[in-house]
Amino acid sequence: MKKLCLILSLVFSLVVPGPLSVLADGETIPADVEEEFVLEEEFVLDEEGEDVVLTIQEEETELSEEPQEPVQEETEGLTEEPAEEPAETEVPAEEPAETEVPAEEPAEPEVPAEPEAPAEEPVVEAEEVELVIEGEEEEVVIQELEAAAEPESVVEPEEDLVFVITMTYDDGVLVEEDMQSYPASEEPEDLYVAEVNYNSPRFTEFHWFGDQLGEMETKMYQGLLGAGDLTECVTSGINVEVIEYFELTGYTATQLKEKEYKDDERYIQMLDDVGNAAKRAMSAFEYDYPEDFWFSGCKYSVIPKAKRRADGLYDFSSIVVSFKLKEYYTGILDELADTEAAIDAAYEAVMAQAQGVKRGDYVRALHDYIVNLGEYSQDDRTKAPYHTITGILLDKYEHLTVCEGYAKLAKILLDRMEIPSVLVCGYSYGSEQTTINHLWNLVQMEDNNWYLLDCTWDDQDELMQTYCLAVGSSIGLHNVTVAEDHVSSGYMLDFEPAFTYPELLMTHTQHVLGGWRMVKVVSAHVDGEKGKCCSICGEILETGVIPAFGHEWEEEYTIDKEPTETEAGLKSHHCSVCDARTDIQEIPATGTTDPTIPVTGEKEPFEDVDEDKWYYDAVVDVYQKGLMTGKTATYFGAEEGLSRAQFAAVLYRRAGEPKSEYRALFPDVPDGVWFTQCVLWANDAQVILGYNNGKFGADDPITREQLCTILWRYAKEVDGVDNSEQKELTAYSDSAQISDFAAEALKWCEAKGIINDRDGKLAAWENATRADCATMISRYLKAIGKDR
């Protein structure tokens with residue numbers, strides 16, 4: 001190997017502290033005097049071998065305030081040693097103790113009273129020191145010496161900058177990256193636009209998945225909770241400052257501009273941490289708050305910000321995550337108001353149907369409402385509206401849905417009722433006993449246990465409650481247990497760490513006592529009966545008596561209806577205990593004779609019934625038959641509604657108005673009112689029955705499906721007509737909305753041509769108008785051959 005010779009000279013100053021400074025031959029100087037040496041180092045690489053000889057020349061310089069006599073350091077023998085024998089004279093730098101004078105025996109220095117300045121600086125002869133470097137260490141030493149000779153300096157930027165990096169991800173894939181720098185004085189203030197509103201009602205609600213988030217994820221989740229109107233996040237997004245990442249430190253401006261940070265393992269780990277946190281926070285929010293039904297997923301941007309510190313280097317001081325939400329499908333925001341109104345209507349309907357004060361009473365009413373409302377979409381499960389609540393709630397989608405619609409609507413309504421519930425995703429058995437992806441609910445009852453609620457699987461041909469507040473050991477469809485048929489898996493369990501679900505109660509060990517329900521109707525003279533049921537299984541656990549309230553009649557007449565010029569009035573004695581009336585008397589009209597008595601064969605007298613109206617012939621028909629009169633002498637009110645009691649009166653007239661003794665059948669049908677005899681007859685004839693809560697609903701508007709059902713019963717019970725003929729209702733786009741109790745009746749009415757549609761729809765749940773009533777009765781009479 002060819003040998004190189006390198007001579008480097010390095011001049012440096014060395015300050016020797018301590019109580020005494022050491023000189024040659026044991027001479028010392030006082031501790032308060034500093035000694036300064038200038039060392040010249042000469043490194044020689046021998047061409048013949050690998051040894052390096054280090055020669056150090058020491059030159060004594062002028063001392064501080066009290067100069068000493070020049071001292072000649074002995075060097076005899078050091079310079080005369082041949083280079084070939086360096087080992088005998090080598091003095092390693094790391095072993096200075098061999099020439100040190102012990103501190104405990106210092107030699108006193110000679111200090112002349114008036115020293116003379118030396119004519120010239122004494123020169124200390126060179127001391128040769130041999131340094132040995134073996135093998136490849138030679139090159140390393142050279143590099144280290146060069147590096148020491150030229151220390152790297154930090155190049156500071158011309159101005160104080162702030163670097164902002166934006167990386168946008170869609171479904172976890174980087175789709176856009178950008179870097180901008182700003183003068184510190186012009187840093188954008190709108191980077192952190194979100195302020196979490198901790199007074200938002202959302203913070204007090206039940207959020208199962210949000211409670212499982214880590215610190216960084218919770219900041220993102222809370223940013224969404226307190227963001228106010230989230231619909232603005234479709235276009236503008238919401239920014240949440242989530243973390244201070246102090247580990248990313250010490251970058252130069254050049255490194256930032258050249259994006260050298262991208263290869264930094266700390267930076268790569270940061271992106272992984274923030275990305276996973278963003279996905280977990282967003283998923284937890286979607287499952288905890290399905291009332292924000294209009295969005296599904298989001299794009300998110302990770303925005304680190306680097307700021308300059310005092311020494312000119314840059315640290316990443318903070319990281320912002322910006323969420324930009326996606327619409328579930330195009331146009332869903334245009335349906336926002338209609339859907340929210342439908343949610344309000346559904347809530348009111350469930351609360352009206354629920355009887356009792358326990359959670360189970362409300363859950364059962366909610367279950368029945370949703371099962372009656374929705375229809376499972378068998379044909380096209382891929383349509384986006386079917387996978388959220390718009391499909392089940394809006395008429396335009398014919399109330400078609402899949403499991404997401406059933407379960408999400410149940411969760412929204414349960415939240416409003418303040419009943420804890422959780423959406424669970426996994427798999428279950430389908431109609432062909434094959435496992436399919438599925439979504440259902442778990443509901444927490446008063447016993448703090450979790451029960452299963454699955455409106456999807458209960459939406460069969462008839463109303464079922466197999467999966468309403470079921471326990472794991474219950475037998476469900478396909479002869480398997482509920483626990484076997486509902487297995488959590490998939491999306492929410494795929495995260496790291498995975499989310500957890502509540503534990504389903506396996507065995508129903510005790511009843512949960514619900515509120516009182518009326519078992520037997522009470523009246524003024526007959527005691528009623530009430531019962532308390534298990535809010536889970538419905539079994540009656542306690543019974544009680546509802547005492548008959550009796551009547552206390554007032555002495556004076558009460559005017560129930562003031563007479564007009566054309567209409568008679570009414571007066572009666574009222575009961576002070578209930579709404580019953582007795583001794584009802586007519587007050588004659590103040591003007592002409594009573595116009596409500598029709599004259600058979602005469603043309604109708606109503607100014608609002610024009611001959612070009614679709615219902616004209618029907619109104620004339622029922623008017624001339626004495627079945628329906630006008631609201632006044634000249635006003636029929638075709639587009640106005642009809643109550644259940646009013647429809648009972650129409651059929652009562654056709655039956656010949658038979659009289660019967662009063663019986664307290666319904667608490668809202670007292671004795672002596674204008675519809676009392678009508679209702680008693682209709683109930684005796686099994687034509688109009690009461691509600692499950694024991695009431696008749698005399699003043700409730702009658703729906704179109706109720707009207708058809710009553711006519712269907714009337715045909716068999718009063719007219720003795722076979723009412724078994726059926727025709728499918730597939731011609732109507734909303735046929736799936738028919739209630740179970742009305743399905744057979746509507747199919748018979750369709751077969752007989754009795755139904756009048758509304759723009760091609762049955763509109764079964766809509767209230768019937770007086771024109772609907774006149775038309776269906778007129779067609780009914782023709783259909784059964786009793787038109788004359």
Side-chain angles (χ1 to χ4, degrees), residues 162-181 191-194 196 207-225 227 233 237-288 295-307 309 313-326 425 489-501:
V162 174
F163 291 88
V164 178
I165 307 163
T166 304
M167 291 154 289
T168 301
Y169 294 83
D170 191 355
D171 293 330
V173 178
L174 181 64
V175 295
E176 185 178 357
E177 183 175 5
D178 179 51
M179 173 191 279
Q180 294 186 13
S181 59
L191 186 59
Y192 311 103
V193 298
V196 178
H207 31 74
W208 176 265
F209 298 107
D211 289 341
Q212 300 182 48
L213 299 175
E215 181 179 356
M216 187 192 314
E217 299 157 346
T218 298
K219 287 186 179 180
M220 302 181 196
Y221 183 89
Q222 290 180 343
L224 293 166
L225 283 179
C233 298
I238 173 173
N239 295 347
V240 183
E241 187 173 13
V242 296
I243 189 170
E244 293 178 339
Y245 227 90
F246 293 113
E247 291 87 349
L248 294 173
T249 60
Y251 295 96
T252 66
T254 300
Q255 287 176 318
L256 291 176
K257 292 177 180 178
E258 297 296 330
K259 299 183 178 180
E260 294 182 14
Y261 55 83
K262 295 179 68 174
D263 296 328
D264 192 327
E265 292 184 359
R266 300 172 300 173
Y267 184 81
I268 296 171
Q269 185 63 49
M270 178 273 293
L271 292 181
D272 289 342
D273 293 344
V274 175
N276 189 57
K279 286 181 276 190
R280 289 189 88 239
M282 177 56 64
S283 297
F285 184 81
E286 284 188 76
Y287 273 72
D288 280 342
F295 83 90
S296 177
C298 68
K299 289 183 178 179
Y300 66 92
S301 298
V302 181
I303 312 173
K305 181 173 69 171
K307 280 193 168 184
R309 64 194 191 193
L313 295 178
Y314 283 80
D315 296 341
F316 283 98
S317 59
S318 63
I319 295 174
V320 168
V321 173
S322 177
F323 294 99
K324 193 169 184 180
L325 306 183
K326 295 181 180 179
C425 61
S489 65
Y491 182 65
M492 296 301 281
L493 302 182
D494 290 341
F495 285 100
E496 182 60 42
F499 288 99
T500 62
Y501 294 110

With a 6.0 Å cut-off on ring centres, are F209 and Y221 close enough? no
Rounded distance [0.5 Å steps], CZ in F323 versus SG in C298: 5.5 Å
Rounded to the nearest 0.5 Å, how far apart are OH of Y314 and NZ of K257? 7.5 Å
Taking the side chain as C-beta and beyond, is there a heavy-atom pair between C233 and F295 under 4.5 Å? no
Determine whether a donor-acceptor pair (N or O, by modelled atom type, separation under 3.5 Å) exists between the side chain of N239 and the backbone of V320. no
For the atom pair CD1 (I165) and CG (D178), what is the distance rounded to the nearest 0.5 Å? 10.0 Å
Distance-minimising heavy-atom pair for A277 and M216: CB-SD, 3.8 Å
Check: W208 side chain, A284 main-chain N or O, donor-acceptor pair, under 3.5 Å: no
Grab the two heavy atoms, one from K305 and one from V164, that are nearest each other, plus how far apart they are. CG-CG2, 4.1 Å
Within a strict 4.5 Å, meaning less than it, do heavy atoms of the Y501 and M492 side chains meet? yes
Side-chain touch M179/F163, heavy atoms, less than 4.5 angstrom: yes
Would you check if the side chain of D315 reaches a backbone N or O of A306 as a donor-acceptor pair within less than 3.5 Å? no
Where G214 and E217 come nearest, the two heavy atoms and their spacing: N-OE1, 2.6 Å
Do Y300 and M282 have side chains that get closer than 4.5 Å, going by heavy atoms? no
Going by heavy atoms in the side chains, are K326 and D170 under 4.5 Å from each other? yes
Do you know which two heavy atoms are closest between Y261 and E177, and how far apart they sit? OH-OE2, 4.5 Å
Atom CG of L271 and atom CD1 of I319: how far apart are they, to the nearest 0.5 Å? 7.5 Å
Check whether any side-chain heavy atom of R280 lies under 4.5 Å from a side-chain heavy atom of L213, and answer yes or no. yes
For M220 and A278, the nearest pair of non-hydrogen atoms, with its separation, is SD-CA, 3.3 Å
Using side-chain heavy atoms (C-beta onward) and a distance below 4.5 Å, is E176 in contact with K299? no
Evaluate the side-chain contact (heavy atoms from CB on, under 4.5 Å) criterion for residues Q255 and L313: first the C-alpha distance (whole Å), next the side-chain angles of each, then the deciding distance (0.1 Å), finally the verdict. CA-CA 10 Å; Q255 287 176 318; L313 295 178; 5.8 Å; no
What is the distance from atom CG of D264 to atom CE of M270, rounded to the nearest 0.5 Å? 9.5 Å
Should T249 and R309 count as side-chain neighbours, where that means a heavy-atom distance under 4.5 Å? yes
When rounded to the nearest 0.5 Å, the distance separating CD1 of I303 from OG1 of T168 is 7.5 Å
